[in-house]
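These notes are about the structure you will find just below.
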Amino acid sequence: MPDIEHATAVISMQDKATRYTAILIVHLLPITALIIGAQSLDWYVFALIWPLQLLGSTLALHRYFAHRSFATSRVFQGFLALCAATAFGDPIGFSGKHRLHHRHTDTDADVHSPTQGAWSCWIGSLVDFGYREEEVLRNTKDLCRYPELVWLHKHKYVPACIIALALFAYGGFTTVAIGLCLGAVSIIHLAGAVNYFCHTRGSRRFNTSDDSTNNAIIAVLALGEGWHNNHHYYPSSARAGLYWWEIDAVYWVICLLERTGLIWAVRRPPARVYQAVSLKG
Ligand SMILES: [Zn+2]
Ligand SMILES: [Zn+2]
């Protein structure tokens, strides 16, 4: 029996409707902007914010906050949290849910496993997290020590809304829709693609107790997150692609940040991981 109380419906129908509406609006805004015509300013803003959203979700939320695969200063940690917040993410909420995903992968207690159905895996689990707040907090005690992260957990939409207001004042509706929302939509679907395809399609290098796979297409699209079977075998590594040809753009950025001294104690796969590969032949 899992040591958590899992429930597929831990929020009220009203909250569920509100969250579905929010997700729908975030999709409709960029679609509308593309139909009525975007300005070049919108794409400049997109080019500025999208990399922060991508790295905020992959490097910050996944490899740093959820798996603590490197160490950094409190100031840079705060910057990483803000990057995540540009795509409506929050370190405590994501990490709690993600650590439970690793603990219960592809069982009934894994809220975004494809075994729960494609819709639930891709979108539904964003609306109904499947884990009670106490479970999330119990699994993120290391992050709950920081008041700024607790604040962001309680007000995770505030930074993105402030950015949206500033963009609206500066460039108008289409700047918000393309500059901010289009990137957020891409993050929703990249995460959905990893959760779904990297547990259903691809190859399995390691015989893990779950259905995780390595999927090269998702790895390219999601900056290295597609080496998911490698990742489930050795989750605390900052490096998901084990070899140079396993494209892992997030790891390359981590190496760059390590060189600048902004981050340190980067965790890499130990020799036994490579030995397991060669033993397998
Ligand atoms: Zn997984
Ligand atoms: Zn993970």
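The structure displayed is predicted, hence computed values, not measured ones. Atoms within a ligand are numbered from 1 in the order they appear, just like the ligands themselves.
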Filter on side-chain hydrogen bond (donor to acceptor under 3.5 Å, both in side chains), then keep only pairs touching residues 117-127, sequence neighbours left out; what's left? Tyr20-Trp119, Trp122-His189
Show all protein N/O/S atoms under 2.8 Å from the Zn ion (ligand 1), or state that there are none. His101 NE2, His199 NE2, His228 NE2, His232 NE2
Taking the Zn ion (ligand 2) as the vertex, what is the angle from NE2 of His98 to NE2 of His62, given to 10 degrees? 90°
With ILVMFWY side chains joined below 4.5 Å, transitively, what does Val220's cluster contain besides itself? Ile247, Tyr251, Trp252
Which other residues belong to the hydrophobic cluster containing Tyr44, where Ile, Leu, Val, Met, Phe, Trp and Tyr are joined when side-chain heavy atoms lie under 4.5 Å apart, directly or via other members? none
Is the NZ or CZ atom of Arg68 positioned over Tyr64's six-membered ring, under 6.0 angstrom from the centre and within 45° of the axis? yes
For the ring pair (Phe, Tyr, Trp, His ring centres under 6.0 Å) test, which of His199, His62, His101 pairs with His231? His62
Relative to each other, are the rings of His98 and His112 parallel, tilted or perpendicular (30° and 60° limits)? parallel
